[in-house]
Amino acid sequence: MFSLKKKKYIYILLAFTLIFNILCIGQNGNISYAASAGKISEGVTNVNFRVAPNGNAVTDENGKGIKLNGGHELTVLDTTNSAWYKVSLVYNGNSYTGYVSSQFVTLTDGNSTQASDGGASQGGSAAPAANVTLSDSDFEAQLAAEGFPESYKVLLRDIHAIHPNWQFKAVQTGIDWNTLISNEVNKQGQIKNLIYGASSAPHYNWRSIGVGYNPATNTWSPFDGKIWFAASDDLVKYYIDPRTYLYENFVFVFESLSYQDGVQNKQGVEAILNGSFMYNATPPGESRQYSDIIMEAAAQSGVSPYHIASRIKLEMGNTGGVAAKGTSSSYPGIFNYYNIGAFDTANGSPVEKGLYWASQSGSYGRPWNSASKSIIGGAQYLGASYIQRGQDTLYTQKFNVTYTGNLFNHQYMSNIQSPTTESQTNYKAYKANNLLESTMVFKIPVYSNMPATACVKPADSGNPNNWLKTLSISGYSITPTFAVNNVTDYSLIVGSSVSSINVSGSPVVSTSSVSGTGTINLIEGTNYIKINVIAQTGAARTYTLTVVRGNAAAGSQTIGTDMSASSSEGTSGGSTSASKGDVNGDGKISVLDIVKIQRVIVGLDTADAALTAACDLNGDGKVSVLDIVKLQRHIVGIETIG
């Protein structure tokens, strides 16, 4: 039996142990550990740096697994697992968090250090930053040190005033703004950003009129399904400008998508799933709720459970479909909650393509013949394919400016509004769980040669079509013959006795207005008539009619009422007998020469150097409608071609 004295010592020891444990328990009930300084032990090389204990390698910005050598400095975050230490480190200028085998780690001191997620984190599992509130002066110093432009600072100060414990890290991409825009706007052969448009919300002015648009019929060609169209250049610029998101509820497009144990929880996941078929529900064939499986997926993949939940909700909608229920007749029992592999064309079947991909044996636990395998495997796909490659925010998944292995490509989504939608969902989840006062780190890209002010969102204000459907002059034919195309300059020659003409024009779209038509009085010589078309959006297009009225004193010129003279010559060009003004080489200057110049302008005839010189009557080095005007003035006797 123990003596009373020995029992006393034991009680004292137990008391100290109890006090120590109480002091080590965080407010959330988890044991908290002070970070300490460490390094990779001297003399060792090629130490693996892993996402999880004995897990996959953390990859750098080029997608290569990180290997550490002796002397590499570490911040040791957690030594609970004696075999694997959780550490953070800086590698090639970027910050990462992951696990290193403890046998290769030397602790250099026991002083407490702050664990942070600074810089452009490229992979691994992000540790929650310590709660730190910066004073206004410290915040200003941090903004300056990060290199934020002044146009960013103005907006970040407003957020700091609401949430002084939020931290903002500048990702200095080194990318020129104009290079970025050129690689992201839609053009023929490069369709990267789409906008939704249905009869109830057509968003005409947000659609591109440079690609996939026919102004003559006012129709757009879809690029995904039947209601997804190429976004306009101005809309792309608006959504790619980081300043668009520097507001309390939108800044979450820059939140790290890595799993933060103790910050993200099941309740937050349920808040995101609220209103959908997954809220407080169990998937087909499973015994656990969606939120429980999503939390497991986060722990296994290192991906934020909030990101997983919002991504699934965005892809599956509030009601779900065959990919969420395993009820496809083509792929029964197969699930694909992320629509991975669901590539679409205008007449395609994206869901079937995605289910085919999910049904195949291979990576990420496929085939996904259960809901849990799809949810967990899809999260692993997101982690390995995007987050660990540096695309670890909603913004960089949409606009790849960080994964240099495939810059401006390897972009998860085509819907240009997806980051906005998901960021609001995540913001609401944090707010519903009273987590907004946690210290959060937002990584915000900065580009060189950016506009001085933030890009403005184009108004969703109606149809942008400002084209004429018809343009005519009563009793006459204009040249070239009117067509709905890019030509906006037309001409006509009338006799000296014609003192006025009647101009008519109608728009392609009834919501556009036309001005400048009606009865137009003419002076002798050249008359410039402007016909303006104003679209519903306010966009203007101007057509110009150049009408030359003959000089009565010339007398010898007879001008007919129809100047659309036809030519019997071929369309192959030719210039052996052409001379200045006499471009068709018939030995005289007439309306047939006007027709010849028109054919050159519109590309029906090709012109060599000699023919070009014959057509270039005003000597400006090119063939244009101005040369036709000069020829018309010669014909009616107003001036003479030298």
Side-chain angles (χ1 to χ4, degrees), residues 209-210 215-216 465-494 498 500-508 512-535 539-550 559 561-567 571 581 583-584 589-607 611-636 638-639 641:
I209 58 174
N465 190 296
N466 54 12
W467 297 67
L468 282 178
K469 183 178 182 180
T470 63
L471 177 63
S472 62
I473 299 178
S474 179
Y476 299 92
S477 295
I478 58 177
T479 55
T481 302
F482 178 81
V484 184
N485 54 33
N486 287 318
V487 177
T488 56
D489 293 315
Y490 298 88
S491 61
L492 173 69
I493 303 173
V494 298
V498 180
S500 64
I501 55 175
N502 187 36
V503 179
S504 300
S506 62
V508 170
S512 300
S513 63
V514 179
S515 62
T517 57
T519 300
I520 308 296
N521 294 323
L522 302 176
I523 62 172
E524 288 188 349
T526 304
N527 299 262
Y528 297 101
I529 303 168
K530 304 291 184 180
I531 297 96
N532 295 309
V533 186
I534 309 298
R541 178 181 294 269
T542 299
Y543 293 79
T544 302
L545 280 172
T546 302
V547 180
V548 179
R549 179 186 176 189
I559 307 298
T561 59
D562 189 343
M563 300 305 296
S564 60
S566 61
S567 172
T571 62
V583 295
N584 69 347
I589 297 176
S590 67
V591 169
L592 295 179
D593 298 302
I594 293 177
V595 173
K596 182 68 175 178
I597 295 177
Q598 290 170 344
R599 292 174 67 85
V600 170
I601 291 174
V602 300
L604 294 175
D605 287 353
T606 56
L611 181 56
T612 299
C615 294
D616 181 19
L617 302 181
N618 67 350
D620 64 354
K622 56 186 178 182
V623 181
S624 69
V625 71
L626 296 177
D627 299 303
I628 293 177
V629 171
K630 195 168 184 68
L631 190 57
Q632 291 170 334
R633 291 172 66 85
H634 173 87
I635 291 173
V636 299
I638 294 176
E639 61 180 272
I641 296 174

Can you name the side-chain hydrogen bond (donor to acceptor under 3.5 Å, both in side chains) partners of [X], sequence neighbours left out?
| X | result |
| --- | --- |
| Asn465 | Tyr213 |
| Thr546 | none |
| Asp620 | Asn618 |
| Asn466 | Arg541 |

Please name all residues satisfying salt bridge (Lys or Arg N to Asp or Glu O under 4.0 Å) with Lys630, sequence neighbours left out, ordered by chain then number.
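Salt bridge (Lys or Arg N to Asp or Glu O under 4.0 Å) list for Lys630, sorted by chain: Glu639.
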Can you sort out the partners of [X] under side-chain contact (heavy atoms from CB on, under 4.5 Å), two or more places apart, ordered by chain and number?
| X | answer |
| --- | --- |
| Ser504 | Ser472, Asn502 |
| Ala216 | Asn214, Val484 |
| Thr470 | Ser506 |

From Leu468 CG over to Asn532 CG, what is the distance, rounded to the nearest 0.5 angstrom?
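CG of Asn532 is found 9.5 Å from CG of Leu468.
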Just how far is it from atom CD1 of Ile594 to atom CG of Leu631, taken to the nearest 0.5 Å?
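Here the interatomic distance stands at 5.0 Å.
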Tell me yes or no: between the side chains of Asn521 and Ser500, is some donor less than 3.5 Å from an acceptor?
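Side-chain D/A pair, Asn521 to Ser500: absent.
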Suppose we screen for ring-ring contact (aromatic ring centres under 6.0 Å, His included). Which residues come up paired with Tyr490, at least two apart in sequence or across chains?
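Phe482.
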Thr544 and Thr488, any side-chain heavy atoms less than 4.5 Å apart
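No, side chains not in contact.
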Run the side-chain donor-acceptor check on residues 513-520: report pairs under 3.5 Å with partners two or more places apart or on a different chain.
none

What pairs meet the salt bridge (charged side-chain N to carboxylate O under 4.0 Å, His left out) rule with one or both residues in residues 466-491, with sequence neighbours excluded?
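Every candidate salt bridge (charged side-chain N to carboxylate O under 4.0 Å, His left out) pair involving residues 466-491 fails, so no pair, neighbours aside, qualifies.
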